[in-house]
Amino acid sequence: MSIDAKMLRGRHLRDLGRHEESAAFFQEAISDDVENPEGYAELALSYLQMEGRNKDALEAIDVAISLDPEIDGFHAIRSLALNSLERHKEALDAADTAISFEPESPFNHSVKAQAYCGKRDWAAAEDSARRALAIDGDYRMAENILAQSLHFQNKLDEGGISVDKMLADDPEDEMAHFNAGWAAMRRHDNRTAEKHFQEALRLDPEFQGAREGLLESFRARSSIYRFYLQYVFWMQQFSGKMQWVLIIAIYLGYRFGSAILSGIHPVLGALLMFLYLGLVIGMWLAGSLGNLLIVADSSARRALNRGEKLNGIFAGGGFVLGLLLIVSAVFMPGAKEAFFQLGLTLAIGAVPASLTFANPSPNGRLIFGGIFAATYFFGFGSVFEALINGGELGALGGLFPLTWALAALCTWIGNIPALRRERPA
């Protein structure tokens, strides 16, 4: 088979979603001609569609650029690879290089919009997407990014018009249904969102974003979870740095308000403390409680993977059972201490558990899983010690309060993106 035939076959397989096979054909074409920059570029595009191959994609496109540095498309692909590795500033620089070589390419401007999405600079993403559409009014990548950027800025009317246009142009486009699903979620129309996410998965069964959207629509059947989603949608308007500023501002507001209210009356300070703790715990456990609801729903639980099911059981279920045991301790004097300790263990352990089982980050699973295991070890161990020591706490019971501080620490370090997402490889 000639090099051209291998390249053609590789592109065809990639269009069919058979990315590993397509990569194999591009590798064969490269082995026949190691000075073939187009082969490396096509290989990079295939790697970008494969889980865990983003670094390989960057290496492949860097070789292509070294062979022919003045091809704008190569720099655009490099921007996509850098963006997938969370190197957004470099991705923007690469996109600008592509645009400098060919300013009339809608792909180059769309890639720049994608890099701005990575930085959560939605206004800039909107501007770049509109530049791409000014060149080609039907460019699908730019239309999808425009719809996303409008929704993240809460420009729901404009975003809805954009999504409707995409669906009218191509009702078989999975990305159009994906965007329509999230548009419906922001309008609180969860049933419509479910239908769009299911259609996106029918069109592309490997579409992970659509699966996650479907799960969110299932969780949103709960009014409590819908309240949490509104908080998420509100926060998504801001950049990552601004989100940290808001989180710290809320905490400082709580501390300042607590000092003032406690000075007026201790009960007021205590009420604010419980309100703040309820807000923090609710935000961290909303997803886990949502997973618990899906586990209990026979028609929906099949959408969960193993980690999400364990998340629902140990984090969501553990928290609910823990609260029930704590409340029971009040009405069962004979087992008050044991029930209270068991309930406290389950409730506190729910926080690190929520960051363990469905966490794609290996480092995150290690850190939060360690805290979760320590909470159960010291909590359940102290109950066992008390049973064999006639009700008196031993060494494990004395160390158990340390896990409270660790659980509180989880609510802070859990905001570190590197501990919540898959490590680029």
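Residues Arg11 and Glu38 are paired through a salt bridge, judged by an N-O separation under 4.0 Å between the basic side chain and the carboxylate. Salt bridge Glu126/Lys155: present, at least one basic N to carboxylate O contact under 4.0 Å.
Within a 6.0 Å sphere centred on CZ of Arg211, other residues, nucleotides and ligands contribute more than 12 heavy atoms. The 12-atom threshold is not exceeded at CD of Glu70, counting heavy atoms of other residues, nucleotides or ligands nearer than 6.0 Å.
Each of Asn311, Leu285, Ile313 was scored for a side chain to side chain contact (heavy atoms under 4.5 Å, CB included) with Asn291, with one residue passing: Asn311.
The backbone N or O of Pro103 lies less than 3.5 Å from a partner atom in the side chain of His109, making a donor-acceptor pair. Judged purely by atom type and a 3.5 angstrom limit, Arg365 uses its side chain to pair as donor or acceptor with the backbone of Asn359. No donor-acceptor distance shorter than 3.5 angstrom exists from the side chain of His75 to the backbone of Asp96, with no hydrogens or angles considered. Using a distance-only test at 3.5 Å, with no hydrogens or angles considered, no donor-acceptor pair links the side chain of Ser288 to the main chain of Ala315. Checked by atom type and distance alone, the side chain of Ser262 never pairs as donor or acceptor with a backbone atom of Ala259 at under 3.5 Å. With hydrogens and angles ignored, the 3.5 Å screen pairs a side-chain donor or acceptor of Ser354 with a backbone N or O of Val351. Looking only at distances, a side-chain donor or acceptor of Ser66 sits under 3.5 Å from a matching main-chain atom of Val63.
Trp182 has its ring centre no less than 6.0 Å from the ring centre of Phe152.
Atom CG of residue Asn54 and atom OH of residue Tyr47 lie 12.0 Å apart, to the nearest 0.5 angstrom. For the atom pair CD (Glu308) and CD1 (Ile294), the distance works out to 8.0 Å, reported to the nearest 0.5 Å. With values rounded to the nearest 0.5 angstrom, Phe314 atom CZ is found 5.5 Å from Phe372 atom CZ. Going from atom CE of Met175 over to atom CG of Asp204 covers 10.5 Å, rounded to the nearest 0.5 Å. Note that the CG atom of Leu92 and the CD atom of Gln114 stand 11.0 Å from one another [nearest 0.5 Å]. Atom CG of residue Leu146 and atom CZ of residue Arg130 lie 5.0 Å apart, to the nearest 0.5 angstrom.
The two residues Ser217 and Ala193 come nearest to each other via the heavy atoms CB-CB, 4.3 Å. The shortest heavy-atom contact between Tyr254 and Leu272 is O-CD2, 3.8 Å. What you find for Gly322 and Leu346 is that their closest heavy atoms are CA-CB, 3.8 Å. Of all non-hydrogen atoms in Ile145 and Ser110, the two that sit nearest each other are CD1-O, 3.3 Å. Of all heavy-atom pairs spanning Val163 and Ala147, the tightest one is CG2-CB, 3.9 Å. Between Tyr40 and Ala60 the shortest heavy-atom distance is CB-O, 3.3 Å.
For the pair Ile99 and Ser105, the minimum side-chain heavy-atom distance is 4.5 Å or more. In this structure, Asp170 and Arg140 have side chains that are in contact, with non-hydrogen atoms separated by less than 4.5 Å. Looking at heavy atoms from C-beta onward, Leu419 lies in side-chain contact with Phe368 at the 4.5 angstrom threshold. The shortest side-chain heavy-atom distance between Arg53 and Leu48 does not fall under the 4.5 Å cut-off. Annotation: side chain of Ile135 is not in contact with side chain of Tyr139 (no heavy-atom distance under 4.5 Å). Between Cys117 and Trp122 the shortest side-chain heavy-atom distance falls below 4.5 Å. Side-chain contact between Trp412 and Tyr251 is present, with at least one heavy-atom pair separated by less than 4.5 Å. The side-chain heavy atoms of Thr375 and Leu406, taken from C-beta on, include no pair separated by under 4.5 Å.
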Exercise for review: Check the pair Glu21 / Arg14 against salt bridge (Lys or Arg N to Asp or Glu O under 4.0 Å), numbers first and verdict last.
Suggested key: CA-CA 8 Å; Glu21 294 175 73; Arg14 188 173 62 222; over 6 Å; no
Practice item. Please assess Leu82 against His88 for the test side-chain contact (heavy atoms from CB on, under 4.5 Å), listing each intermediate value before the final yes or no. Key: CA-CA 7 Å; Leu82 288 165; His88 305 303; over 6 Å; no
Exercise for review: Before giving the answer on side-chain contact (heavy atoms from CB on, under 4.5 Å), spell out for Leu325 and Phe340 the whole-Å C-alpha distance, their side-chain angles and the decisive distance to 0.1 Å.
Suggested key: CA-CA 6 Å; Leu325 288 173; Phe340 184 79; over 6 Å; no
Point to revise | side-chain contact (heavy atoms from CB on, under 4.5 Å) assessment of Met141 paired with Phe107 | key: CA-CA 8 Å; Met141 181 180 179; Phe107 177 59; 4.0 Å; yes
Practice item. Show your working on side-chain contact (heavy atoms from CB on, under 4.5 Å) between Glu216 and Glu212 and close with a plain yes or no. Key: CA-CA 6 Å; Glu216 289 294 280; Glu212 292 171 358; 5.7 Å; no
Point to revise | Candidate pair His151 and Gln153, rule side-chain hydrogen bond (donor to acceptor under 3.5 Å, both in side chains), full reasoning | key: CA-CA 5 Å; His151 283 297; Gln153 294 177 84; over 6 Å; no
Check your understanding: How far apart are the C-alpha atoms of Lys195 and Glu199, what are their side-chain angles, what is the distance that settles it, and do they pass the salt bridge (Lys or Arg N to Asp or Glu O under 4.0 Å) test?
Key -> CA-CA 6 Å; Lys195 293 177 181 177; Glu199 182 64 11; over 6 Å; no
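When only modelled atom types and interatomic distance are considered, Glu194 and His196 share no side-chain donor-acceptor pair under 3.5 Å.
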